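The residues of the chain are indexed from 1 along the displayed sequence. For clarity, every value in this text was computed on a predicted model and none was experimentally measured.
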Amino acid sequence: MTSPFIQLLQCRKNMIKLLDAGHNLHQIPTGFKNNLFWNAAHCLATQQLLCYKLNNVELLIPIDWVEAYKKGTAVPAENPIEIDILKDKLIELAEVFYQDFSAGKFKGLKEEYPTSFGISLLTFEDTLHYNNMHETLHLGYMMAMIKQLS
């Protein structure tokens, strides 16, 4: 496995440790607009959009998961994903992502994609690295939430 994929997998393992830390996953800590569960599910949905959809590869999760947790969403009234399924998918889909990469499934973006971070994505590699930065940002939010909840 190459470095960016190892980093993605480790970030997701760290997210799972936070999800397993015994805090209320659905409580929105003071000063935040979402909860621990949403942040992890949002990473899964965003990775599918950035790395799969933008690269013309079929999504590996149901579209209702994407719609519930994509950018701009808030905590849904009812979670379409169970916590154990979310944790399994965080690991499984990081591994499948590397397998799909190794199989040459990612041919490139249809067109340039400007992000809200101010970076334009032009290549598959751009989506991979941007996704890792995005997931690390949300891991940081989750770590701050844990401090707030403790």
Side-chain angles (χ1 to χ4, degrees), residues 4-98 100-101 106 109-150:
F5 293 97
I6 292 169
Q7 293 165 6
L8 174 64
L9 186 58
Q10 187 58 51
C11 182
R12 289 186 174 188
K13 287 178 181 178
N14 291 341
M15 281 182 189
I16 291 169
K17 284 180 187 175
L18 295 178
L19 294 172
D20 286 341
H23 296 281
N24 180 343
L25 302 180
H26 301 290
Q27 180 180 348
I28 300 173
T30 304
F32 293 90
K33 69 176 192 172
N34 287 306
N35 57 33
L36 291 164
F37 187 96
W38 182 92
N39 275 272
H42 170 72
C43 287
L44 188 66
T46 301
Q47 183 259 344
Q48 288 292 296
L49 289 172
L50 289 172
C51 299
Y52 279 77
K53 186 174 182 181
L54 286 181
N55 285 282
N56 304 306
V57 179
E58 186 176 336
L59 300 179
L60 302 176
I61 61 173
I63 196 66
D64 63 324
W65 294 10
V66 173
E67 291 300 318
Y69 298 103
K70 68 183 180 183
K71 178 183 169 188
T73 62
V75 175
E78 189 172 311
N79 290 315
I81 314 172
E82 296 293 325
I83 185 62
D84 289 335
I85 293 172
L86 173 61
K87 291 189 298 187
D88 288 346
K89 291 295 181 188
L90 285 168
I91 299 302
E92 175 191 337
L93 295 185
E95 293 168 346
V96 170
F97 184 32
Y98 178 69
D100 288 345
F101 166 75
F106 302 100
L109 280 66
K110 296 180 256 188
E111 57 188 43
E112 179 179 349
Y113 180 79
T115 67
S116 58
F117 196 74
I119 296 172
S120 288
L121 307 179
L122 302 168
T123 67
F124 165 75
E125 289 76 15
D126 290 346
T127 62
L128 171 61
H129 294 294
Y130 182 78
N131 181 72
N132 282 1
M133 180 179 68
H134 174 262
E135 292 205 16
T136 303
L137 173 73
H138 282 278
L139 176 63
Y141 286 146
M142 292 172 73
M143 292 166 70
M145 287 178 176
I146 293 286
K147 284 186 177 186
Q148 185 75 9
L149 291 170
S150 296

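Annotation for Lys71 and Ser116: closest pair NZ-CB, 3.0 Å, computed over non-hydrogen atoms. A pairwise comparison of heavy atoms in Ile81 and Phe37 identifies O-CZ, 3.2 Å as the closest pair. Shown here for Ala40 and Leu19, the closest heavy-atom pair between the two residues is CB-CD1, 3.9 Å. Trp38 and Ala68 make their closest contact through NE1-O, 4.1 Å (heavy atoms, listed as atom of the first residue, atom of the second, distance). Across all non-hydrogen atoms, the minimal contact from Arg12 to Ala94 is NH1-N, 3.7 Å. For the pair Asn131 and Thr46, the tightest heavy-atom approach, listed with the atom from each and the gap, is OD1-C, 4.2 Å.
Note: Cys43 SG to Leu139 CG = 8.0 Å, rounded to the nearest 0.5 Å. Rounding to the nearest 0.5 Å gives a distance of 7.5 Å between CG of Leu109 and CG of Asp126. Between Gln47 atom CD and Glu135 atom CD the span is 6.5 Å, to the nearest 0.5 Å. Rounding to the nearest 0.5 Å gives a distance of 11.0 Å between CG of Leu9 and CD of Gln7. If you take OG1 on Thr136 and CE on Met133, they are separated by 9.0 Å, rounding to the nearest 0.5 Å. Separation of atoms CG (Leu121) and OG1 (Thr115) is listed at 5.5 Å; rounding is to 0.5 Å.
Qualifying ring pair (Phe, Tyr, Trp, His ring centres under 6.0 Å) partners for Phe101, counting only residues two or more places apart in sequence or in other chains: Phe5, Phe124. Qualifying salt bridge (charged side-chain N to carboxylate O under 4.0 Å, His left out) partners for Lys13, counting only residues two or more places apart in sequence or in other chains: none. Judged as a ring pair (Phe, Tyr, Trp, His ring centres under 6.0 Å), and not counting sequence neighbours, His129 has no contacts. Taking the side chain to side chain donor-acceptor pair (under 3.5 Å) definition, one finds that Asn132 meets it with nothing, sequence neighbours left out. Residues that satisfy the side chain to side chain donor-acceptor pair (under 3.5 Å) test with Lys17, not counting sequence neighbours, are absent from this structure. In this structure, Asp88 has no salt bridge (charged side-chain N to carboxylate O under 4.0 Å, His left out) partners at least two apart in sequence or on a different chain. Contacts of Ser120 classified as side chain to side chain donor-acceptor pair (under 3.5 Å), with partners at least two apart in sequence or in another chain: Glu112. Not a single side chain to side chain donor-acceptor pair (under 3.5 Å) links His23 to another residue, sequence neighbours left out. Qualifying salt bridge (charged side-chain N to carboxylate O under 4.0 Å, His left out) partners for Glu92, counting only residues two or more places apart in sequence or in other chains: Lys89.
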Check the pair Trp65, Ile85 against side-chain contact (heavy atoms from CB on, under 4.5 Å), reporting the backbone distance first and the verdict last.
CA-CA 12 Å; Trp65 294 10; Ile85 293 172; 3.7 Å; yes
Applying side-chain contact (heavy atoms from CB on, under 4.5 Å) to Tyr98 and Leu8, what does each step give before you reach the verdict?
CA-CA 10 Å; Tyr98 178 69; Leu8 174 64; over 6 Å; no
Using residues 50-62 as the side-chain source, report each donor-acceptor pair under 3.5 Å to any protein atom, sequence neighbours left out, with the distance given to one decimal.
residue, atom, partner, partner atom, Å
Tyr52, OH, Asp100, OD2, 2.6
Asn55, ND2, Cys51, O, 3.0
Asn55, ND2, Thr127, OG1, 3.2

Contacts table for residues 141-150: side-chain donor-acceptor under 3.5 angstrom, sequence neighbours left out:
residue, atom, partner, partner atom, Å
Ser150, OG, Ile146, O, 2.8

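Taking the side chain as every heavy atom from C-beta outward, Asp84 and Lys87 approach each other to under 4.5 Å.
Sorted by first and then second residue, the side chain to side chain donor-acceptor pair (under 3.5 Å) pairs with a member in residues 26-35 read His26-Asn79; sequence neighbours excluded.
Panel note: side chain Asn14, backbone Cys11; no donor-acceptor pair is recorded below 3.5 Å.
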